[in-house]
2 protein chains.
Amino acid sequence: MRTSCRFGMAVHVLAVLAYKDGDRVTSAGLAHSVNTNPVIVRRLLLALKRAKLVDTSKGAGAGSRLNCSPNHINLGAVYRAVEAAEPFATPSRRPNAACPVGHCIRQTLERIFASARAALELDLEKTTLGDVLRAVKASGACSRKNGQKNKRAV
Amino acid sequence: MRTSCRFGMAVHVLAVLAYKDGDRVTSAGLAHSVNTNPVIVRRLLLALKRAKLVDTSKGAGAGSRLNCSPNHINLGAVYRAVEAAEPFATPSRRPNAACPVGHCIRQTLERIFASARAALELDLEKTTLGDVLRAVKASGACSRKNGQKNKRAV
DNA sequence: CCATTGTGTAATAACAATTGTTACAAATAG
DNA sequence: CTATTTGTAACAATTGTTATTACACAATGG
């Protein structure tokens, strides 16, 4: 199974916004944390905006921030916001319809795929962005305790 | 989310073998049903053989057949046999370690991914190749009932 | 009002992964 | 021995994603 990294990137971006607690962050700022190009982040933000997970404004002093509390954003919603396609792909060439199996396997596969996807989303829904934020903060606290330099940038 | 079609193809191939009920089928025969190249099927069969799901022999009159009853093969095992990678990808470029979020987000993502993958596999495990075979046969019976010509090939 | 900042978007390049194809050695059956 | 079929390598074709550049448009702040 091959996947785009959009979901992971979306969680990362949202975690930064949660960490910034209401302050607006520009696509360039987010891109710097993710280590990618601002345009990539903007495309992701469009999807997150469509799903009403973030609030993005234009112009000087603008940027994005969360649209609601991290505890009210679950990762299933994030997944649905940024991943359009089915997690499983069917071969691009159609099966041989002259074969009793090829003739009807696609329907069966689709049911299997839909069920698996639902199970996947259900699992993701159990975790909120709040959980992610707490994990991040705990990790930061731990680093500091271990004497590592307290990292600043973003 | 981008995915290879290996899993779907594997289910298709195994369904054909189940349908053929112990008769050996060549990679060319399977490829004809899937509508792909025999080498693609052979590569898939190698993975299925490694997982002991099929029994493949070489030489004249050879081919592949199931290694056990369709009811004893669940789709979770098929998934594990043919899909090496995590269903979710992390961006190829590493997050900015100088950001408190970028610094530790990967660990958190990995836990999320592992949990989702487990949920996915658990769902797949609920379906057996026997279930798939019955769906295929039911569909075939239905086509015949509806007066469609009974397809023969493969 | 105007300069600055930043998003939205298109076009396109670079890259990665999968799928498809051809070719051939090795194994096996008859 | 010959025909058949797998295993495998090498490589081309295809597809999809990510990265980059460029620029119009919107909004802000002086």
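Residue numbers begin at 1 in each chain, while the letters A, B, ... track the order of the sequences.
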What is the distance, to the nearest angstrom, from the [atom1] atom on [X] to the [atom2] atom on [N]?
X	N	atom1	atom2	answer
B/Asp55	D/dT5	CG	C1'	14 Å
A/Leu44	D/dA19	CG	C1'	14 Å
B/Ile40	C/dT22	CD1	P	12 Å
B/Asn35	C/dT21	CG	P	9 Å
B/Arg24	C/dA29	CZ	P	9 Å
A/Arg65	C/dG6	CZ	P	15 Å
A/Leu45	C/dT9	CG	P	13 Å

OP1 or OP2 of [N] versus the side-chain N and O atoms of [X]: is any pair under 4.0 Å?
X	N	value
A/Ser27	C/dG6	no
A/Arg42	C/dG8	no
A/Ser4	D/dT17	no
B/Lys49	D/dG7	yes

Considering only heavy atoms from C-beta outward, does the side chain of B/Arg106 approach that of B/Pro91 to under 4.5 Å?
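B/Arg106 vs B/Pro91: side chains touch.
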Sugar-phosphate, base or nothing in reach of [X], heavy atoms under 4.0 Å:
X	answer
B/Leu46	sugar-phosphate
B/Thr36	sugar-phosphate
A/Arg43	base
A/Ser57	sugar-phosphate

Under 3.5 Å, side chain of B/Asn67 to main-chain N/O of B/Lys52, donor-acceptor pair present?
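Such a contact is found between B/Asn67 side chain and B/Lys52 backbone.
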Would you mind telling me which residue lines up with the more 5' stretch of DNA chain D, B/Arg93 or B/Ser64, judged by nearest nucleotide?
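Result of the comparison: B/Ser64.
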Would you call the rings of B/Phe7 and A/Phe88 parallel, tilted or perpendicular, where under 30° means parallel and over 60° means perpendicular?
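Rings of B/Phe7 and A/Phe88: tilted, as their planes differ by 30° to 60°.
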Of the nucleotides [options], which has the atom closest to the [X] side chain?
X	options	value
A/Asn37	C/dT28, D/dT20, C/dG20	D/dT20
B/Lys58	C/dT19, C/dT7, D/dT6	D/dT6
A/Thr26	C/dA29, D/dT5, C/dT7	C/dT7

Basic-acidic side-chain contact under 4.0 Å: A/Asp55, A/Arg24:
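Judged by the 4.0 Å cut-off on N to carboxylate O distance, A/Asp55 and A/Arg24 do form a salt bridge.
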Side chain to side chain contact (heavy atoms under 4.5 Å, CB included) between B/His32 and A/Cys99, intermediate numbers included
CA-CA 9 Å; B/His32 190 235; A/Cys99 162; over 6 Å; no
Let me spell it out: for each of A/Val39 and A/Gly61, pick the nucleotide of DNA chain C with the closest heavy atom. Which residue's pick is nearer the 5' end?
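Going by which nucleotide is closer to the 5' end, it is A/Gly61.
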